[in-house]
Amino acid sequence: KANYLSTFSKAPVICKLAGRKVLDGVGKPTLEVEIYCTVKNYEKRICSAIMSSHSHVPENTSPEITEGDEKERNDTVTTAVEWVNESLNTMLRDLKPTDQCEIDKMLGEYFRKKVEEKKEIQKEEEEEAAPLSCAPSAPSAPSGKKKAAKPGKKTSSTERTLPPAEPIEPVLCGSLAIGGTSLAVAKAGATINDIPLYLHIGLLKYNQDSPKEMTLPRPMITLLNCEKFSPAKLKLVKEVMLIPPAQLSLRQGIERVLDIQKEVMRLLEPAGKPSPQLADSKKGKAHNTGKKALPPALKRVSHLGCLITGWDNLEQPLLLMQTACNNIGLELGTDMCLAINCAAHELMDYVKGKYEILTGTFKSPDEMVDMYVELINKFPSIIALVDPLRKEDRQQWNNICCALGSKCYLIAEDAATNISKIKIDQNMNVPICSGVVLKYINQTKVSDLIEFTGLLDGQRHITILGSPDGESSDDSLVDLAVGLGARFIKLGGLSRGERVTKYNRLLAIEEEL
């Protein structure tokens with residue numbers, strides 16, 4: 001009876017949005033959006049969402065570029081806070097947070113107008129600047145890559161046919177406001193309906209009272225983050241990941257990964273032996289073995305929440321995994337599977353038209369395909385390769401899918417264009433692959449994810465939700481992955497608060513389900 005009258009009260013509506021600048025997991029500025037609703041005539045804070053930030057700047061970039069990127073990030077967060085506190089706050093007032101589609105449409109329209117405004121301003125600036133510049137400027141080499149070939153140098157046919165790098169898509173200053181607001185609205189809708197966010201997302205996706213049976217995504221857990229610069233020679237591998245087998249519960253899978261991690265740490269600290277990286281420089285330094293000669297990498301944890309290591313060839317990290325598993329009575333391939341993030345787009349030398357896989361060792365896109373075929377034959381426990389090639393090498397993606405598609409997942413992460421662009425271009429600007437890693441960044445809206453995962457499901461691609469570099473303490477990504485029915489979730493390693501929070505959320509959902 002106490003709740004009888006509340007059934008006659010008005011449905012809660014948004015009365016205020018509040019945006020503020022906060023820090024993400026690597027200490028860089030990002031956006032938090034808070035939602036207040038009028039519930040039974042009282043203003044009440046319902047929830048907040050924090051956006052993760054994603055940088056396209058590679059780790060070993062020059063200080064000038066990094067500085068420029070930081071300034072840009074600051075500006076984009078400041079602009080996003082303004083959008084949320086001013087226009088979006090007014091625009092969404094009195095709307096029901098449960099009307100996700102309606103609100104996302106309005107956010108999309110608002111963003112489209114902002115893009116148009118930006119184009120107009122640029123056009124005016126160009127027209128003003130046109131009379132000043134007479135000489136046409138030379139086209140610049142792709143940023144962050146190797147310098148262009150010297151004039152007069154003959155280029156071979158393979159170099160000539162190399163598809164050029166597609167330009168990095170410009171991110172509109174303030175775009176975080178769209179993603180942040182959409183996510184905050186979804187969280188508010190779930191809170192008001194008194195259901196968990198993953199269930200709310202599932203209901204939105206499948207348009208029904210109760211979504212089909214929900215399953216947990218399998219985690220891709222990063223164990224090693226491989227440095228791509230000296231003294232290590234291996235450049236091809238960015239992350240070595242473990243995927244627990246499907247028959248294990250998530251809790252058992254994570255415990256097993258922790259056991260392997262412990263053994264890997266033990267193997268990487270051999271007492272009284274020179275470390276593998278320093279073994280070459282023994283002449284005159286033989287006395288300096290033991291603990292002191294350990295590679296400094298062992299003491300460092302990457303922003304991905306795992307060990308940073310360096311290697312001299314492709315097999316070293318894989319053999320280490322094999323040994324670690326054998327030592328604790330596990331068999332790689334049955335008791336635990338491997339995945340490798342190659343991040344091949346970071347390896348292209350545009351002068352040679354080849355990928356630099358080891359320091360001084362180059363392979364053409366076709367040779368890369370042969371190398372992966374050999375690798376998977378040698379290590380059948382690898383069930384996924386992420387970004388084995390740049391997205392521009394379409395032909396080789398086709399070839400690698402024909403050669404390896406039945407043996408392992410070939411996944412596009414950086415090789416997949418961002419979601420908003422794929423939505424406009426239904427032709428799906430993604431190379432032929434087994435699946436795509438989706439990131440919730442910038443102007444991505446919850447409805448975009450729902451629509452896009454529907455497209456992927458229809459094409460029998462697998463969906464993987466991945467966390468960006470600048471991860472925040474918000475754990476909504478996990479609920480999104482469960483609600484959208486993603487096959488895998490890629491969250492980084494099992495340390496650093498902003499990453500562990502998500503694994504803990506995944507464990508909590510496992511118990512609920």
- Search all heavy atoms of P468 against all heavy atoms of I441 and return the closest pair with its distance. CG-CG2, 3.6 Å

- Task: Please say whether more than 12 non-hydrogen atoms of neighbouring residues, nucleotides or ligands are located less than 6.0 Å from NZ in K21.
- Result: yes

- Message: Could you check whether any side-chain N or O of E510 sits under 3.5 Å from a backbone N or O of L250, counting only pairs where one atom can act as donor and the other as acceptor?
- Response: yes

- Measure the spacing between CZ of R218 and CG of L506 and express it to the nearest 0.5 Å. 13.0 Å

- Task: Measure the spacing between OG1 of T222 and CD of Q261 and express it to the nearest 0.5 Å.
- Result: 10.5 Å

- Query: Given side chains that start at C-beta, do those of C15 and E43 come closer than 4.5 Å, heavy atoms only?
  - Reply: yes

- Item | Test log, rule side-chain contact (heavy atoms from CB on, under 4.5 Å), inputs L268 and L307 | CA-CA 11 Å; L268 283 173; L307 284 178; 4.0 Å; yes

- Message: Donor-acceptor check, side chain of D387 to backbone of D414, threshold 3.5 angstrom: yes or no?
- Response: yes

- Salt-bridge present (D24, R73; N to O < 4.0 Å): yes

- Message: With heavy-atom distances below 4.5 Å as the criterion, would you say the side chains of W83 and K114 are in contact?
- Response: yes

- How far does CG of L438 sit from CG of L480, to the nearest 0.5 angstrom? 10.5 Å

- Check for a donor-acceptor pair, side chain of S48 on one end and backbone N or O of V33 on the other, with a separation under 3.5 Å. no

- Task: Output the distance between atom CG (L304) and atom CG (L494), rounded to the nearest 0.5 Å.
- Result: 12.0 Å

- Passing option when C226 is tested against I308, T309, I340 for side chain to side chain contact (heavy atoms under 4.5 Å, CB included): T309

- What residue among V185, L88, T98 forms side chain to side chain contact (heavy atoms under 4.5 Å, CB included) with I103? V185

- Query: Considering all heavy atoms of both residues, which atom of N85 and which atom of G19 are nearest to each other, and what is their separation?
  - Reply: OD1-N, 2.6 Å

- Smallest heavy-atom separation, E498 atom then S472 atom, equals CB-O, 3.4 Å

- Verify side-chain contact (heavy atoms from CB on, under 4.5 Å) between L484 and I450, making sure each step is shown before the conclusion. CA-CA 7 Å; L484 294 165; I450 289 171; 3.7 Å; yes

- Are E413 and K439 within salt-bridge range, i.e. N to O under 4.0 Å? yes

- Message: Check this for me: E109, atom CD, are more than 12 non-hydrogen atoms of other residues, nucleotides or ligands nearer than 6.0 Å?
- Response: yes

- In this structure, are over 12 heavy atoms from other groups packed under 6.0 Å from E67 atom CD? no

- Item | Residue pair S52 / T30, side-chain heavy-atom distance below 4.5 Å | no

- Query: Can you find a pair of side-chain heavy atoms, one from L491 and one from L477, that are under 4.5 Å apart?
  - Reply: yes

- Item | Polar side-chain atom of R499 near backbone of H303 as donor-acceptor pair, under 3.5 Å | yes

- So do the side chains of L456 and F452 get within less than 4.5 Å of each other, counting heavy atoms only? yes

- Check step by step if side-chain contact (heavy atoms from CB on, under 4.5 Å) holds for I195 and L203. CA-CA 10 Å; I195 55 174; L203 292 169; 3.7 Å; yes

- Query: Does I509 reach the side chain of L216, with side-chain heavy atoms less than 4.5 Å apart?
  - Reply: yes

- Query: Say you draw a straight line from SG of C433 to CD1 of I411; how long is it, rounded to the nearest 0.5 Å?
  - Reply: 8.5 Å

- Item | Main-chain N/O of G497 paired with T501 side-chain donor or acceptor, under 3.5 Å | yes

- Closest contact, heavy atoms only, N89 versus L17: OD1-N, 3.0 Å

- In terms of side-chain heavy atoms, does S182 have a donor or acceptor partner in Q100 at a distance below 3.5 Å? yes

- Query: How long is the gap from CD1 on I243 to CE on M336, to the nearest 0.5 Å?
  - Reply: 9.5 Å

- Message: Are the side chains of Y440 and L183 in contact, using a 4.5 Å heavy-atom criterion?
- Response: yes

- Looking at R496 and E471, does any basic side-chain N land under 4.0 Å from a carboxylate oxygen? no

- Of all heavy-atom pairs linking L347 and C342, the shortest is CD1-O, 4.4 Å

- Determine yes or no for a side-chain-to-main-chain donor-acceptor pair under 3.5 angstrom, with R390 supplying the side chain and P163 the backbone. yes

- Distance-only polar pair, side chains of S447 and D104, donor-acceptor under 3.5 Å: yes

- Query: Under the 3.5 angstrom rule, does the side chain of D475 hit a backbone N or O of K502 as a donor-acceptor pair?
  - Reply: no

- For D474 and S476, test the side chains for any donor-to-acceptor distance below 3.5 angstrom and give the result as yes or no. yes

- Considering all heavy atoms of both residues, which atom of L410 and which atom of P388 are nearest to each other, and what is their separation? CD2-CG, 4.5 Å

- Would M321 and L223 satisfy side-chain contact (heavy atoms from CB on, under 4.5 Å), going step by step from the backbone distance to the final call? CA-CA 10 Å; M321 290 296 151; L223 205 65; 3.3 Å; yes

- Query: Taking side chain as C-beta onward, heavy atoms only, is V39 less than 4.5 Å from I46?
  - Reply: yes

- Ion pair present between E511 and R251, side-chain N to carboxylate O less than 4.0 angstrom? yes

- Return yes if some donor-acceptor pair links the side-chain N/O of R394 with the main-chain N/O of K391 below 3.5 Å, else return no. yes

- Query: Can we say D99 and K96 salt-bridge, meaning some charged N sits less than 4.0 Å from an Asp/Glu carboxylate O?
  - Reply: no

- Message: Under 3.5 Å, is there a donor on one side chain and an acceptor on the other for K205 and T453?
- Response: yes

